[in-house]
Enquirer: 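Could you have a look at this structure, given as structure tokens, before my questions?
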Amino acid sequence: MAPQYQAVTLIASPSYPNAIAWSSDNLVAVASGHIVTILNPAALDGPRGVVGLRRSDPFPIGVVNREDLFEPCLVPTCLARDAEPCARSISWSPQGFAPNSGCLLAVCTVDGHVKLYRSPIWEICDEWVQVADLSQLLFSYYKTINFGEDNGSHLTSLKNINTEETEVLGSTCELQDPLSRRDPGQRKRKPPRVDDYIYDGNKDDLDASNDADFSLKPCSKSKKKSSKKTAKHGQEPVSVNGQGSTGNSKASLSSNGGNKSLPLITAKQYACRDACLSSLVVAWSPLVSSSDKISCLLRHWCVLAVGSKSGNVYFWKLYKPEYYTIDAGVVNSDPMLIGVLQAHKSWVSAITWEVSSEGSSTSSLLLATGCSDGSVKIWLANIEGLNRCTNAEEVPFALVAKVTTDLSAPVSAISLAVPAGSQYEINLAIGRVSGSLETWTWNTCSSKIENTNACHAHDQVVTGLSWGMDGYCLYSCSQDNSARCWMYNGNHLEEIPVHTNFPESKESTDLSEVSDRCFGITLAPGGQMIAVVRGLDLNVLDQMYQARTQKAVVEFIWIGGQFVGIPLDRSIDVCNPQSSILSSSNFLWWGSNILWSLKKYENVEKGLALWDVVAALQGFKKYAPSFLETLMDMWISALFSGDPQCVSINAPSCSRHDMLPSVSLRKLHLLNIICRKVMLSNHVQLGPDAENGNDSKTEFWNTLLIRSERELRERLVGFTFAAVLKRTAYSFNGTSTENSWFPVGVAQMDSWVSMNDGEVHNQLKYLISRIKDLGNRINSACGYSVEETCPYCSAPVHFESADVAICRERHTLTRCRASMILCSVLQPVWHCVCCGGMVDKLPPQSFFAMQAPPLDANQDEGSLDLSGPAVPLCPFCGVLLQRSTPAFLLSTSPV
């Protein structure tokens with residue numbers, strides 16, 4: 001259980017804004033220098049994952065004459081020196097794009113390369129595995145079209161775009177101002193700097209050509225000798241490496257002997273090509289669904305936007321895998337370049353996405369791009385148009401709004417949000433290098449954008465922005481080492497404290513005293529916690545034991561006890577608070593925010609990763625049990641339909657049981673999670689006499705859990721029986737069943753129904769009678785095998801329980817929670833971290849998305865959708881299944 005805040009140190013410090021990201025499956029990634037560190041918030045002292053960044057080979061984009069090296073546009077490239085690899089931008093994909101249905105991590109490095117990584121599912125190691133090199137794919141694309149210089153395509157205009165800006169961009173400087181680390185007694189504070197800009201707050205106008213800052217590292221003796229030696233060759237073609245790196249001096253400044261295959265190009269051509277291939281920022285779009293044109297099946301995909309130094313934004317489309325696995329194998333889901341957008345005339349420094357419904361059933365994707373020249377643009381893309389894109393020549397993005405302001409400070413962070421209850425408005429927040437913070441509102445009907453607030457929120461670069469609580473509040477952090485929360489109220493921002501009280505508060509060091517800057521801020525999936533990454537001030541650390549291994553720190557802060565503007569539920573009884581730390585208002589805010597978060601998870605499109613909500617409830621169970629009981633009683637009352645009094649703790653259990661069949665599947669999943677991880681959890685000790693006084697309440701939640709799981713099992717069995725009947729109808733009508741889900745374990749489910757004949761739903765009995773009438777036709781519609789044998793001794797195994805089986809030699813075997821068949825002992829099986837169940841055969845996506853229960857008498861099996869892929873979700877908890885890993889390896893904790 002996390003207290004008011006916990007902190008974990010890192011061995012390397014970030015260098016660029018937006019250096020931290022929280023995934024939808026509850027992992028935190030930090031771009032910490034030469035590695036990307038991946039943490040599990042539920043086990044901060046446990047194992048970590050890493051992405052080791054390695055130096056990439058420069059792209060062979062051409063050679064230039066030696067006298068052209070002194071052209072202004074090549075000065076940044078010529079002055080650059082070999083630097084250690086460093087992460088510049090990171091972004092998590094939506095859940096479901098990794099082979100195990102997890103998230104992919106996109107990493108952009110300072111040398112301009114973008115690569116995709118996945119967790120080591122079957123490699124059994126701590127380093128994440130590279131799955132794609134987007135920069136190499138982009139170079140291959142440009143090479144096939146000769147960088148657009150032959151056919152007059154959209155790339156030909158890049159050579160003439162703002163040559164003056166191109167001349168000063170391209171340095172390898174970092175965001176952080178270079179504090180002297182070698183002399184602890186000296187600290188020199190420079191003006192804030194982002195990328196290659198130094199911003200002077202006293203100047204009203206920022207001239208990029210005057211503020212380019214090029215940091216030169218001293219050359220080694222060998223390099224100096226090679227420079228002197230090659231300077232005598234006169235006017236010979238030389239090879240210059242791309243992405244702001246000259247590589248080996250002898251190789252790059254030698255004659256053309258080793259580069260005869262490379263074309264001779266001009267300095268402007270080289271600068272243009274290098275800018276196109278030099279990526280700066282990455283951002284994944286939300287999950288999008290559309291019908292496939294060929295198969296007419298519903299496909300799920302997302303788009304990765306990559307901003308570059310040329311002002312281009314590249315769009316990479318990625319589909320969800322056709323199947324998921326935790327066993328060693330190859331899951332093909334290759335990224336595809338679908339478009340190039342000339343968004344700006346200078347560096348693209350920030351990108352963010354949002355989904356806009358525009359008050360209709362048709363959704364559109366919103367893209368906001370920020371530039372180093374201070375401009376911000378909002379683009380609108382039609383989802384169907386993006387789905388039809390198959391090449392990189394044209395992308396259906398339309399410019400719908402452009403932020404015009406007198407401020408010319410570069411944009412360092414942006415964030416979009418669709419406010420709750422506002423159907424036609426989009427909130428845009430802009431953070432700049434100067435420390436200023438702006439909020440804008442774009443009206444989707446009138447297509448007008450209005451500046452609602454502008455303030456000098458920070459003293460230095462704004463390094464992170466994130467909307468929270470459906471646009472009710474805004475979180476920001478800065479290089480001046482401050483993290484702030486702003487309540488957005490109409491036309492102004494009101495600052496409120498970031499830290500919120502929590503019953504399990506501890507005495508801890510104020511991290512602002514030992515750190516010197518913030519590099520990013522991110523929100524937990526449940527919205528009850530934020531994470532801030534700070535660079536530690538090595539001058540105040542112990543130089544022998546701390547400064548060598550502790551370069552940065554990630555701070556996790558509770559925010560659920562804030563009043564951020566969402567409607568408060570004043571019916572929460574907080575008359576007798578049991579904690580001296582929390583006031584009645586704090587309890588009211590905590591209760592309202594938690595209920596708001598649980599309500600959001602009733603949407604089936606939102607993945608069930610609510611660890612922060614569960615952790616907060618576990619803390620209240622330990623320190624404020626009466627408040628938790630009141631809060632959960634209110635939640636149960638709102639969870640069920642009908643009279644709220646029928647589902648209170650004191651209500652008869654028969655009335656609650658009668659209402660379970662009408663409750664949605666997602667609500668039952670939430671109920672099971674709260675029962676198992678909060679109300680019936682054993683790891684939270686309330687004292688030696690606490691359990692004796694709560695027998696009635698424990699019995700209530702235990703009974704509710706048992707009946708809820710029974711309802712879920714009946715729905716799963718009913719769904720499987722209906723799927724068998726539908727596949728049989730397909731075969732009778734001659735319809736292909738190639739892409740439909742194949743049910744297994746039907747014989748075991750038949751035995752389970754017979755064992756519970758007096759308790760199961762009548763609709764199940766009707767379905768099983770229809771299945772028995774199929775006769776031999778059932779073998780082509782499903783996997784129907786009554787006989788099972790023990791994998792250890794080959795003895796027959798009889799069906800006696802839906803969870804476990806015991807052969808006559810007393811071998812205990814586990815049954816699949818989804819199909820009731822025996823789980824394999826030779827192949828890895830899926831594991832649920834919530835209920836502890838094992839799943840061998842995955843249920844289809846359509847089971848979790850069903851609106852009406854499959855046991856409804858009015859529900860026809862013909863309406864079932866069996867075309868969706870099987871997904872690794874627990875049928876009893878709804879959380880993401882995963883492979884059981886050793887304790888020394890990183891794993892996810894969705895709850």
Enquirer: How many angstroms lie between CD1 in I326 and OG1 in T885, if you round to the nearest 0.5 Å?
Expert: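 Result: 10.5 Å between the selected atoms.
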Enquirer: Checking D612 side chain against Q528 main chain: does a donor-acceptor pair fall under 3.5 Å?
Expert: yes
Enquirer: Assess the side chains of D327 and T325: does a donor N or O sit below 3.5 Å from an acceptor N or O?
Expert: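 No, because no side-chain N or O of D327 sits under 3.5 Å from a partner of the opposite role on T325.
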Enquirer: Is it the case that the side chains of Q618 and S681 hold a donor-acceptor pair, with the cut-off being a distance below 3.5 Å and no angle test?
Expert: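 Their side chains do not contain a donor-acceptor pair, so the 3.5 Å distance test is not met.
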Enquirer: Without hydrogens or angle criteria, can the side chains of N40 and S893 be said to hold a donor-acceptor pair below 3.5 Å?
Expert: yes
Enquirer: Got F97 and P335 here, is their nearest side-chain heavy-atom distance under 4.5 Å?
Expert: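 Sidechains of P335 and F97: no contact.
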Enquirer: Would a 4.5 Å heavy-atom cut-off, applied to side chains only, mark L608 and R666 as touching?
Expert: yes
Enquirer: Atom OG in S289, atom NZ in K320: separation rounded to 0.5 Å?
Expert: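 The NZ atom of K320 is 7.0 Å from OG of S289, to the nearest 0.5 Å.
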Enquirer: Are R676 and E709 close enough that some pair of their side-chain heavy atoms sits under 4.5 Å apart?
Expert: yes
Enquirer: Can you run down the ring-ring contact (aromatic ring centres under 6.0 Å, His included) pairs that involve residues 770-793, sequence neighbours left out, and say none if there aren't any?
Expert: Y792-H811
Enquirer: Begin with the C-alpha distance, continue with both residues' side-chain angles, and end with the deciding distance and a verdict on side chain to side chain contact (heavy atoms under 4.5 Å, CB included) for H669 and L665.
Expert: CA-CA 6 Å; H669 286 159; L665 190 72; 3.7 Å; yes
Enquirer: Counting only heavy atoms from other residues, nucleotides and ligands, does the tally under 6.0 Å from CG of D773 exceed 12?
Expert: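 Enclosed: over 12 neighbouring heavy atoms sit under 6.0 Å from CG of D773.
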Enquirer: Is it true that a side-chain atom of K317 and a backbone atom of W301 form a donor plus acceptor pair closer than 3.5 Å?
Expert: no
Enquirer: Heavy atoms, side chains only, cut-off 4.5 Å: are P99 and W122 in contact?
Expert: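 They are in contact (side-chain heavy atoms under 4.5 Å apart), so the answer is yes.
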Enquirer: Is a side-chain N or O of D25 found less than 3.5 angstrom from the main chain of G102, in a donor-acceptor match?
Expert: no
Enquirer: Measuring from atom NZ of K765 to atom CZ of F721, what distance do you get when rounded to the nearest 0.5 angstrom?
Expert: 13.0 Å
Enquirer: When you look at L617 and L631, which way does the side chain to side chain contact (heavy atoms under 4.5 Å, CB included) test go after all the steps?
Expert: CA-CA 10 Å; L617 293 175; L631 185 64; 4.0 Å; yes
Enquirer: Are the side chains of N100 and R883 in contact, using a 4.5 Å heavy-atom criterion?
Expert: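 No; the side chains remain at least 4.5 Å from each other.
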Enquirer: How far apart are the C-alpha atoms of T728 and I778, what are their side-chain angles, what is the distance that settles it, and do they pass the side chain to side chain contact (heavy atoms under 4.5 Å, CB included) test?
Expert: CA-CA 7 Å; T728 305; I778 193 175; over 6 Å; no
Enquirer: Distance from C125 atom SG to L890 atom CG, nearest 0.5 Å?
Expert: 11.0 Å
Enquirer: What residue pairs, at least two apart or across chains, pass salt bridge (Lys or Arg N to Asp or Glu O under 4.0 Å) with a residue in residues 777-799?
Expert: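 Non-adjacent pairs meeting salt bridge (Lys or Arg N to Asp or Glu O under 4.0 Å): E788-R815.
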Enquirer: Can you find a pair of side-chain heavy atoms, one from W752 and one from V760, that are under 4.5 Å apart?
Expert: yes
Enquirer: Return the minimal non-hydrogen interatomic distance between I673 and V879, and the atom names on each side.
Expert: CD1-CG1, 3.7 Å
Enquirer: Ignoring hydrogens and geometry, is there a side-chain-to-backbone donor-acceptor pair from S819 to G745 under 3.5 Å?
Expert: no
Enquirer: Measuring only between side-chain heavy atoms, which start at C-beta, is L813 closer than 4.5 Å to C790?
Expert: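 In short, these two side chains touch, coming nearer than 4.5 Å.
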Enquirer: List the atom pairs, donor and acceptor, that lie under 3.5 Å between side-chain atoms in residues 796-806 and the rest of the protein, sequence neighbours left out.
Expert:
residue, atom, partner, partner atom, Å
S801, OG, D803, N, 3.2
D803, OD1, R713, NH2, 3.3
D803, OD1, R817, NH1, 3.3

Enquirer: Just verifying a value: how many Å separate F848 CZ and L873 CG, rounded to the nearest 0.5 Å?
Expert: 4.5 Å
Enquirer: Taking NZ, NE, NH1 and NH2 as the nitrogens, is one of them in E711 or R715 under 4.0 Å from a carboxylate oxygen of the other?
Expert: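 Between R715 and E711 there is a salt bridge, with a charged N closer than 4.0 Å to a carboxylate O.
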Enquirer: Answer yes or no: is there a donor N or O on one side and an acceptor on the other, between the side chain of Q882 and the main chain of T892, under 3.5 Å?
Expert: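 Yes.
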Enquirer: Between I38 and L105, does a side chain to side chain contact (heavy atoms under 4.5 Å, CB included) hold up when you go through it step by step?
Expert: CA-CA 10 Å; I38 302 170; L105 180 64; 4.2 Å; yes
Enquirer: Using atom types as modelled and distance alone, determine if a side-chain donor or acceptor of K667 lies under 3.5 Å from a backbone N or O of E602.
Expert: no
Enquirer: Closest heavy-atom contact between L680 and L705?
Expert: CD1-CD2, 3.9 Å
Enquirer: Within the side chain of T814, is there an N or O that forms a donor-acceptor pair under 3.5 Å with the backbone of C823?
Expert: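 Judged by distance alone, no pair lies under 3.5 Å.
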Enquirer: Within a reach of under 6.0 Å around NZ of K599, are more than 12 heavy atoms found that belong to other residues, nucleotides or ligands?
Expert: no
Enquirer: Take S824 and D840, measure what side-chain hydrogen bond (donor to acceptor under 3.5 Å, both in side chains) needs, and give me the verdict at the end.
Expert: CA-CA 7 Å; S824 172; D840 198 354; 5.0 Å; no
Enquirer: Which heavy atom of L670 sits nearest to which heavy atom of L598, and what is that distance?
Expert: CD1-O, 3.9 Å
Enquirer: Distance-only, no hydrogens or angles: does the Y324 side chain make a donor-acceptor pair with backbone N or O of A98 under 3.5 Å?
Expert: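 Not a single qualifying donor-acceptor pair exists.
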Enquirer: Mind checking whether I636 and L671 have side chains closer than 4.5 Å, heavy atoms only?
Expert: yes
Enquirer: What distance separates L716 CG from M749 CE, expressed to the nearest 0.5 Å?
Expert: 5.0 Å
Enquirer: Once you measure the plane-to-plane angle for F847 and F719, does it fall in the parallel (<30°), tilted (30-60°) or perpendicular (>60°) bin?
Expert: perpendicular
Enquirer: What closest approach, in Å, do W284 and A106 show between heavy atoms, and which atom pair accounts for it?
Expert: NE1-CB, 3.5 Å
Enquirer: Considering all heavy atoms of both residues, which atom of V833 and which atom of P894 are nearest to each other, and what is their separation?
Expert: CG2-CD, 3.7 Å
Enquirer: Quick one: closest heavy-atom pair of P872 and S101, and the distance?
Expert: CG-CB, 3.3 Å
